[in-house]
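Here's the structure we're looking at; comments come further down.
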Number of protein chains: 2
Amino acid sequence: MKNSRITLKDLAKDLNLSPSTISRALGNHPAISDATKKRVQKMAEELGFTPNSIASSFRKKKTQTIGVIVPRIDIHFHSLVISGIEEFAYNNGYNVTIFQSKDSLKREKEIVKILQNKMVDGVIVCLGIETKTCDHFKKINKLGIPLVFYDRVPTDFDANKIIINDFESAYLATEHLIKSGCKRIGHISGSQTTTIFKARLEGFKAALKKHHIPIEESLILFTNNLSYDEGVKCAEKYLKSDLKPDGIFCANDYTAVSVIQVFRKAEIKIPEDVAIVGFSNYPISKIIEPHLTTINDRAFQMGEAATKLLIRQIEEKDDSITSEIITLKTELIVRESSTRN
Amino acid sequence: MKNSRITLKDLAKDLNLSPSTISRALGNHPAISDATKKRVQKMAEELGFTPNSIASSFRKKKTQTIGVIVPRIDIHFHSLVISGIEEFAYNNGYNVTIFQSKDSLKREKEIVKILQNKMVDGVIVCLGIETKTCDHFKKINKLGIPLVFYDRVPTDFDANKIIINDFESAYLATEHLIKSGCKRIGHISGSQTTTIFKARLEGFKAALKKHHIPIEESLILFTNNLSYDEGVKCAEKYLKSDLKPDGIFCANDYTAVSVIQVFRKAEIKIPEDVAIVGFSNYPISKIIEPHLTTINDRAFQMGEAATKLLIRQIEEKDDSITSEIITLKTELIVRESSTRN
DNA sequence: CTGAAAGCGCTTACAG
DNA sequence: CTGAAAGCGCTTACAG
């Protein structure tokens, strides 16, 4: 509007040089003499010239932008991942444009289209809950735009994926309960259409099997979203059931917290009567009393790893389609909710 | 890389029309006949043509992008605000590029420069903690790019600001304690160099004054970041002090939660012995026992309001520099931590 | 209702 | 070491 921007051309005129030279000088091109570079840099500074990166993106067909699709930004896990993405991207000269799918397949498809048109250099995605097939992402691949999935990843096609080993993490958590002396161990699980919750259930069962502890199906409870309220309901079921658990592995921290609270109200001692382990290391796990033993799911690192892989693929010249699956190591954080003396 | 994109020109050739006509047809220009529009749309569909929005942005000098600078994405308040920004922006055809200043002034300045070069249509900012003056934002204004601040806003220049009334909210919270029968009311405050915490302290004092309750300076404690750990220390100070509070207004929910926990361990009953009120309505406020009375600080709405104002200013033709300050109405959410029968 | 032409601000292959 | 020229893919004022 007001003072229209200064362009390369303006600079060129002022310095009696060609725009080509200016462009190269500012880009630190080796063919340009140091003297010229200095003159150009100085004048650019003086006039407050800053390059129009849209023009540059357009010309180079490279936007230095990463598109990110998450179900919701306000879920702590995703906000941590995004934080990792932004951090790594920023340090490597990329910007991050975020979209929320709101778990809607329709919206996810719309966003994919926008991302193509916007010519992002790469895309990072956590699939929405409605998404069963990933055809809408194949177009992105066909355009040669690298694509990395994290957390909720496609099962129906080869792609770059950053995940944690849910099976192993659950195994670890369950084994920890066993080693703490638990004999009747329950599990609060999520929707079995979601791979990660299925894997956690399987890891749970495998640990029991390994240690010759019978799997009591009645102690395995299922929820839709692992919400706090569903956790309360599960806890009440445990209280009413004939077979009482003395240890519970919860597939996330919310349900673990609700179990702690319901049990304590019922005068059940945590961890003495029942030991509890959660999953995800949410901030609340360090605040709830007793502090919650949980699995560090490496959300921030997931964002970093996704971005690192993505940028590598963006900047690799060779066009061979490769896909990598990176599994991040999780960590069992032992706190009071499972520490028996 | 692979199949290079289809352009307007390609479409034009296929249909024996000029690129101008294709452009207008796809843009639903009134001068184009319906018949032509349909032909063009059909062919575009068939060939899978999608417009290159970088080219369009470059040509129109309009990127449909909003730049957002927050201190950190993984702070729940900001992730809620960003969620509101993304939602409103998406529904109005804008994309959101996010940056974390990490509370570093240097980085904030860098980001501002990137944003200028990226030709974003508008910018939404929550200032970093180091930022005392806003000269680096003035350039953005000079370029005619609308700018909206939220939460931590500049005090040294006129600008669009979305805030809540911290004074009034604190007044409300404190008055609620008074009405619940508290006589010796404490306050845990944040850094006094931050406007909002200063305002909360003042609102607190004003409510006491209004109700003729003496202000006991020894019951007003200061912290640097209102962290959970600092809250624990404050609670311990209260326990050791001669004058014991029977009500505490905490400037955020973390410190309120820590006070609840420390007091309960000391066998102090909440709310019977001491009533507690927090600030921000964090998820934990609904989980901690007793549930925490707090102020809903409208984070999501803040994001929406900021984006709404920003887009209005982007799309307004007239160039007169106006700046608006929008104060969102907060809400006292009364829960058990302050409910005495 | 449609088209020819210019141009947005860069970058880069080619030439010297 | 530097420059002239072409062009990225759109949009739009102008012309008919």
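First the proteins, then the strands, lettered A, B, ... as listed; each starts at 1.
The CG-P distance, from A/N16 to D/dC1, rounds to 20 Å in whole Å. Rounding to whole angstrom units, CG of residue A/N28 and P of D/dC1 are separated by 12 Å. At whole-Å resolution of the value, CG in B/L8 and C1' in C/dG3 are 14 Å apart. If you take CG of A/L26 and C1' of D/dT2, they are 15 Å apart, rounded to a whole angstrom. One interatomic measurement links the two molecules: CD1 of A/I22 to P of D/dT2, which rounds to 10 Å at whole-angstrom precision. Note: CG (B/D10) to P (D/dC10) measures 9 Å, nearest angstrom. Rounded to an integer number of Å, the gap from A/R39 CZ to D/dC1 P is 15 Å. The distance from atom NE2 of B/H29 to atom C1' of C/dG3 is 13 Å, rounded to the nearest whole Å.
Between B/E316 and B/R312 there is a salt bridge, since at least one side-chain N of the basic residue sits less than 4.0 Å from a carboxylate O of the acidic one. By the 4.0 Å N-to-carboxylate-O rule, A/D103 lies close enough to A/R152 to be salt-bridged with it. Ionic pairing of B/E108 and B/K102 is not present here: no N-O contact between side-chain nitrogen and carboxylate oxygen is shorter than 4.0 angstrom. For the pair A/K106 and A/E110, the salt-bridge criterion is met [side-chain N within less than 4.0 Å of a carboxylate O].
Base-pairing analysis of DNA chain C finds the following stems of at least three consecutive Watson-Crick or G-U pairs, with both pairing distances under 3.5 Å: C:1-3 with D:14-16, C:5-12 with D:5-12, C:14-16 with D:1-3.
Taking a 4.0 Å limit (strictly below) on heavy-atom distances, residues 41-62 of chain A reaches DNA chain D at A/F58, A/R59, A/K61.
The side chain of B/T21 lies closest to C/dG3, out of C/dC10, C/dG3, D/dG3. Comparing D/dC10, D/dG3, C/dT12 against the side chain of A/L17 picks out D/dG3 as the nearest.
B/F88 has its ring centre no less than 6.0 Å from the ring centre of B/Y94.
Screening residues 116-137 of chain B for salt bridge (Lys or Arg N to Asp or Glu O under 4.0 Å) gives B/K62-B/D121, B/D135-B/K138 as the qualifying pairs, with residues at least two apart or on separate chains.
Applying the 4.0 Å criterion to OP1 and OP2 of C/dT2, one finds that B/T36 has a side-chain N or O inside that range. Within the structure, every side-chain polar atom (N or O) of B/S18 is placed at least 4.0 Å from both OP1 and OP2 of C/dA4. Applying the 4.0 Å criterion to OP1 and OP2 of C/dT11, one finds that A/S23 has a side-chain N or O inside that range.
Residue A/S20 is in base contact, counting any heavy-atom pair closer than 4.0 Å across all strands shown.
Between B/L17 and B/R39, the closest side-chain pair of non-hydrogen atoms falls below 4.5 Å.
Comparing A/R24 and A/K9 against DNA chain C, the residue whose closest nucleotide sits nearer the 5' end is A/K9.
Between the side chains of B/S57 and B/Q64, no donor N or O sits under 3.5 Å from an acceptor N or O.
Using cut-offs of 30° and 60° on the angle between ring planes, the pair B/F77 and B/Y150 is tilted.
The 12-atom threshold is not exceeded at CD of B/E45, counting heavy atoms of other residues, nucleotides or ligands nearer than 6.0 Å.
Using atom C1' as the reference point in both C/dG16 and C/dT12, the two lie 16 Å apart (nearest Å).
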